[in-house]
Amino acid sequence: MQVTFGPQVARRVLRYELDRLCAQAGKNHRQVGDRLGMSRVAFTHITSGRNLLSKPALEVLLDFVGRPDRLPLMLQLLALAKSKSDQPAESSVHDVELAVGLEGLAVHIEAFAPMTVHSLLQTQGYARELIVHWEPGVDVERNVALRLGRQSVLTRENPAELWCVIEEQALRRPIGDATVMAGQFDHLLEITNRPNVTVQVLPHDVGPHPALKGAFVLLTIDDGWRVAYEVTRRSVHYHDLPEALDDYATAMSHLRRLALNPKRSRTFLAMLRKETRL
C-alpha cells in the first residue's frame, strides 16, 4: 500500500517503529543506548522524536533487535523525516502495520465511515468478509488478526476516545450472511456502552454533506499533535498541515450535527439488529 506523508508524520512513524521493534526484542533504552555508544537519555530523545539516528546507527540498532529486514523501510522513513519540505511526498512504503502505527499512539480518534463499519468497530467475521473481497491474495487470517489487534487502542488501560459517524448505507450493506451482520450489530451495541466510544448514524435522507468525497480519520496524539488520513484502494494519504487539519475538523463537526445523536443512534442500531433475523 502506497503511503503519502510529510516529514513530521515520517518522524512520528519512525519513532513509533523504533520503540515497537525494541519492545518486541525485549531491549530497553539503556541496552540499546549502550549498543549504540550513547546514553539511555540520548536514545530516549530519539524515540521521543527530538533527534534522529544516523544511517550507520540505524543499521546497528536493527541488527541488535534482530530485524535487519526492516532496514530498507526504515531508511526510507529516515530520509523523509530529514526532508526540509513541509509538503507531503510519496514513498514506496508498503507496510500495513507501519501505516496504522500512529493510531496506537492516539488519545482521541474521530472517524467518518460512509461505506462500511469502521475497522476499529468491526467483528472478526465482518472483517474477514471484507478482507477476502478487498484484498485478494493476502494472508487473510494474518490481516484479520492485525485489524482486530488494532482495536486494543479502545480497550487498553487509558484507552483512546473514539467518535465515529457511520452512514446508514454502511450499516444496511450486507457483509457476509445474517449471522455476521447480527454479530456486528451486537458488537456495536455492546462497545458503545463504553464511555470512550461514541457512534452516530448519519441517515441516508440527510442529502449532500461535507464528506461526500469519502472516509477519513483524524487522530490526536498525547502531546496534542494531530494528523488526518484517508485510505483509498491502493494508498494511504496522511495530512498534518494546519489548513488540512482544520478542514477535516470542520467536516467532522458538521457530520456530528447532521447525524442522529448518540442515544438515537443506539436505538437505530437496535432496530437494525432486530431486522436481522436469525
Side-chain angles (χ1 to χ4, degrees), residues 1-21 44-53 58 70 72-114 118-120 146-147 150 153-154 158-165 196 210-256:
M1 181 172 285
Q2 195 79 28
V3 180
T4 302
F5 46 35
Q8 290 303 315
V9 178
R11 184 179 287 256
R12 294 276 177 157
V13 176
L14 181 62
R15 61 185 266 200
Y16 161 82
E17 185 68 357
L18 287 173
D19 229 7
R20 187 178 75 89
L21 292 176
T44 299
H45 285 172
I46 289 168
T47 57
S48 68
R50 291 178 61 181
N51 298 320
L52 293 170
L53 283 174
L58 187 57
R70 304 293 277 177
L73 180 65
M74 300 297 275
L75 288 176
Q76 240 190 104
L77 286 170
L78 183 62
L80 285 169
K82 289 182 175 180
S83 172
K84 301 299 183 182
S85 172
D86 287 333
Q87 295 304 313
E90 274 198 3
S91 74
S92 56
V93 172
H94 289 72
D95 189 287
V96 177
E97 292 179 69
L98 198 62
V100 302
L102 287 171
E103 189 176 77
L105 303 176
V107 295
H108 192 70
I109 303 170
E110 298 172 90
F112 171 57
H118 190 268
S119 55
L120 290 178
L146 176 61
R147 183 167 298 189
R150 289 168 54 192
V153 71
L154 302 179
N158 299 318
E161 293 182 358
L162 172 66
W163 197 301
C164 185
V165 176
N196 62 309
L212 286 174
K213 291 186 177 181
F216 65 86
V217 177
L218 182 60
L219 305 176
T220 302
I221 311 303
D222 57 3
D223 59 4
W225 184 73
R226 296 188 305 163
V227 63
Y229 72 85
E230 298 173 282
V231 180
T232 68
R233 183 174 178 82
R234 300 183 62 84
S235 62
V236 181
H237 299 272
Y238 284 91
H239 308 274
D240 66 329
L241 296 179
E243 58 269 28
L245 294 171
D246 288 344
D247 179 53
Y248 285 107
T250 299
M252 192 67 193
S253 180
H254 282 305
L255 290 170
R256 287 182 181 184

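The residues of the chain are indexed from 1 along the displayed sequence.
The heavy-atom pair separating Ile109 from Ala160 by the smallest distance is CD1-CB, 4.2 Å. Residues Ala10 and Leu77 approach most closely at CB-O, 3.9 Å, considering heavy atoms. Here the closest non-hydrogen pair linking Met252 and Ala111 is CE-O, 3.4 Å. A pairwise comparison of heavy atoms in Ala113 and Cys164 identifies CB-SG, 4.4 Å as the closest pair. Contact detail for Gly214 and Pro114: the closest heavy-atom pair is C-CG, 4.1 Å.
Residues satisfying the side chain to side chain donor-acceptor pair (under 3.5 Å) test with Ser119, not counting sequence neighbours, are Arg150. Every side chain to side chain donor-acceptor pair (under 3.5 Å) that Arg256 has, sequence neighbours left out, goes to Glu110. Remark: Asp222 pairs with no residue by the salt bridge (Lys or Arg N to Asp or Glu O under 4.0 Å) rule, at least two apart or across chains. Scanning for salt bridge (Lys or Arg N to Asp or Glu O under 4.0 Å) contacts around Arg15 gives an empty result, with sequence neighbours left out. Applying the side-chain contact (heavy atoms from CB on, under 4.5 Å) criterion to Ala211, with sequence neighbours excluded, gives Phe112, His209, Phe216, Leu255. Residues forming a side-chain contact (heavy atoms from CB on, under 4.5 Å) with Asn196 (at least two apart in sequence, or on another chain): Leu154, Pro159, Glu161, Arg194.
One distance of note links CG of Leu105 with CG of Leu219; it measures 9.0 Å at 0.5 Å rounding. To the nearest 0.5 Å, the span separating CZ on Arg70 from CG on Leu18 amounts to 10.5 Å. To the nearest 0.5 Å, atom CH2 of residue Trp225 and atom OG1 of residue Thr220 are 10.0 Å apart. Gln8 CD to Leu241 CG: the interatomic distance, rounded to the nearest 0.5 Å, is 10.0 Å.
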Stepwise side chain to side chain contact (heavy atoms under 4.5 Å, CB included) check, His239 with Val227
CA-CA 6 Å; His239 308 274; Val227 63; 5.9 Å; no
Apply side chain to side chain contact (heavy atoms under 4.5 Å, CB included) to Leu120 and Glu103, showing your working.
CA-CA 10 Å; Leu120 290 178; Glu103 189 176 77; 3.6 Å; yes
Assess the residue pair Val107 and Ile221 against the criterion (side chain to side chain contact (heavy atoms under 4.5 Å, CB included)); give the C-alpha distance rounded to whole Å, side-chain angles, the decisive distance to 0.1 Å, and a yes or no.
CA-CA 6 Å; Val107 295; Ile221 311 303; over 6 Å; no
Kindly determine whether Gln76 and Met74 satisfy side chain to side chain contact (heavy atoms under 4.5 Å, CB included), including the steps that lead there.
CA-CA 5 Å; Gln76 240 190 104; Met74 300 297 275; over 6 Å; no
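Looking only at side-chain heavy atoms (C-beta outward), Ile46 and Leu52 stay at 4.5 Å or farther from each other.
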Can you list, pair by pair, the side-chain donor-acceptor contacts under 3.5 Å of residues 243-251, counting residues two or more places apart and other chains?
from: Tyr248; atom 1: OH; to: Glu230; atom 2: OE1; distance (Å): 2.7
from: Thr250; atom 1: OG1; to: Asp246; atom 2: O; distance (Å): 2.8

